[in-house]
Every structure is written in structure tokens, then in C-alpha cells.
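Throughout, a chain's letter reflects where its sequence line sits, starting with A, and its residues are numbered from 1. Atoms considered below: every heavy atom in the structure, side chains included; atoms not considered: hydrogens, waters and symmetry mates. The structure displayed is predicted, hence computed values, not measured ones.
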Amino acid sequence: MDVTPPLYARIYLLCGQIPSGMVTSYGDVAAMVGGGCDARTVGEALRAIGEHAPDVPWQRIVSQDGVISTRGLEQRRLLESEGVAFDRRARVLMLYHRWGGPGAEFAAAHRFGPPPPHDDAPEQLELF
DNA sequence: CAGATGACTCCCA
DNA sequence: CTGGGAGCCATCT
């Protein structure tokens, strides 16, 4: 039978560091995990969470724009219960809730890299 | 080893 | 804004 793949274990470890009320994107997780991991791999790891790590806060991983595309209703409900705000188009307000990565010590201990910078404009502030 | 799969992302019409 | 297509990569058959 399967055991948790090494890369997945790192993904779960990093996701477990995301505090309640914060979110990050698949691409950001992939960048921090490094080692040839990409957004799709993160998605695959989260898909297999039920088999490997049921305690990982999978709901805190959203797409790059803050959109929940897959298991929307359940995920949105969980995030809202943590205090995460959405705009009119069901996007997480990333400018407020984007996670800045694990602490420096934790990152160094597990060889995680820094999250990639975002060049997003504050257009998401335009609610309504 | 080769083909298929997917909870992504980017680019272009 | 919407939709289609390509690129990407670990994991499973």
C-alpha cells in the first residue's frame, strides 16, 4: 500500500503552518516547498489528503486569484468560519488574508524558501 | 519505461 | 469577461 510520498509530506507540513484566518495559493506553496514542486503537484497532494493527512487545513489553499474552483461551498464555509472575507465574486481578499510564509526558523529548519512576491494591484479593494 | 491523471497557472483570441 | 490550449510535474497504472 501507499505511504505518504516525501514531497507530499513537505507540502502537508508547510500547509499545517498556515494559521487560522490566513490563506495561500497552490503556486506559493509549491514555490516554498521547492524541489521541483509545482502548483499541480500541490493540488494533487491536497486531493490525497484524505488518505495521508486528514488533519491538514486544506481549506486554506486557494487559487492564485483567491478563487475557490473545486470544492467551493464546503471550503468557503470553513474559511468564513475562520474569519476570512470574500468579495462579491467569491474571491478571498488575498491582500488581507495572504499568508506570508512560515517563520524564518521553521523555514530554515525544513529548507523552505520564501514566498514569491506579488505584483497585484489593490483592485480587489473595490467591493461593490 | 511509457501513458494517463489532476483541488494549477499563464497566454491569447 | 469567457473559453480554449499549452506548459508544468509528481504519482499511479
**OP:** Report the C-alpha distance between F106(A) and Q17(A) in whole Å, list the side-chain angles of each, state the deciding distance to 0.1 Å, and finish with yes or no for side chain to side chain contact (heavy atoms under 4.5 Å, CB included).
**Re:** CA-CA 9 Å; F106(A) 184 91; Q17(A) 294 299 302; 3.4 Å; yes
**OP:** Start with the C-alpha distance between E80(A) and R77(A), add both sets of side-chain angles, then the distance that settles salt bridge (charged side-chain N to carboxylate O under 4.0 Å, His left out), and finish with yes or no.
**Re:** CA-CA 5 Å; E80(A) 290 186 318; R77(A) 186 180 65 71; over 6 Å; no
**OP:** Begin from the C-alpha positions of D28(A) and M32(A) and carry the test side chain to side chain contact (heavy atoms under 4.5 Å, CB included) through to its verdict.
**Re:** CA-CA 6 Å; D28(A) 285 353; M32(A) 291 186 271; 4.2 Å; yes
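Cluster annotation: V62(A) is not connected to V42(A) through the hydrophobic network of ILVMFWY side chains, with a link wherever side-chain heavy atoms come within less than 4.5 Å. Grouping the Ile, Leu, Val, Met, Phe, Trp and Tyr side chains by contacts below 4.5 angstrom, directly or via other members, places V56(A) with M22(A).
Atom CG in L7(A) sits roughly 14 Å away from atom C1' in dC8(C) (whole-Å rounding). The distance from atom CG of D65(A) to atom P of dC10(B) is 8 Å, rounded to the nearest whole Å. Rounded to whole angstrom, the span from the CG atom of D28(A) across to the C1' atom of dC10(B) amounts to 15 Å.
Here the straight-line distance linking atom CH2 of W99(A) with atom CD1 of I18(A) works out to 5.0 Å at 0.5 Å rounding. Atom-to-atom distance recorded for Y12(A):OH and T4(A):OG1 is 6.5 Å, nearest 0.5 angstrom. Between H110(A) atom NE2 and E105(A) atom CD the span is 11.0 Å, to the nearest 0.5 Å.
In the region residues 11-22 of chain A, proximity to DNA chain B at under 4.0 angstrom, judged on heavy atoms, holds for none of the residues.
Across all strands, R10(A) comes closer than 4.0 Å to no nucleic acid atom at all (heavy-atom distances).
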Between N or O atoms, less than 3.5 Å apart, protein on one side and nucleotides 4-7 of chain B on the other: list the pairs.
unit_1 : atom_1 : unit_2 : atom_2 : d
dG6(B) : N9     : R40(A) : NH2    : 3.1
dG6(B) : N7     : R40(A) : NH2    : 3.1
dA7(B) : O4'    : T70(A) : OG1    : 3.3
dA7(B) : N7     : R47(A) : N      : 3.3
dA7(B) : N6     : L46(A) : O      : 3.1
dA7(B) : N3     : Y26(A) : OH     : 3.4

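Heavy-atom distances to DNA chain C give each of G35(A) and R89(A) a nearest nucleotide, and the one nearer the 5′ end belongs to R89(A).
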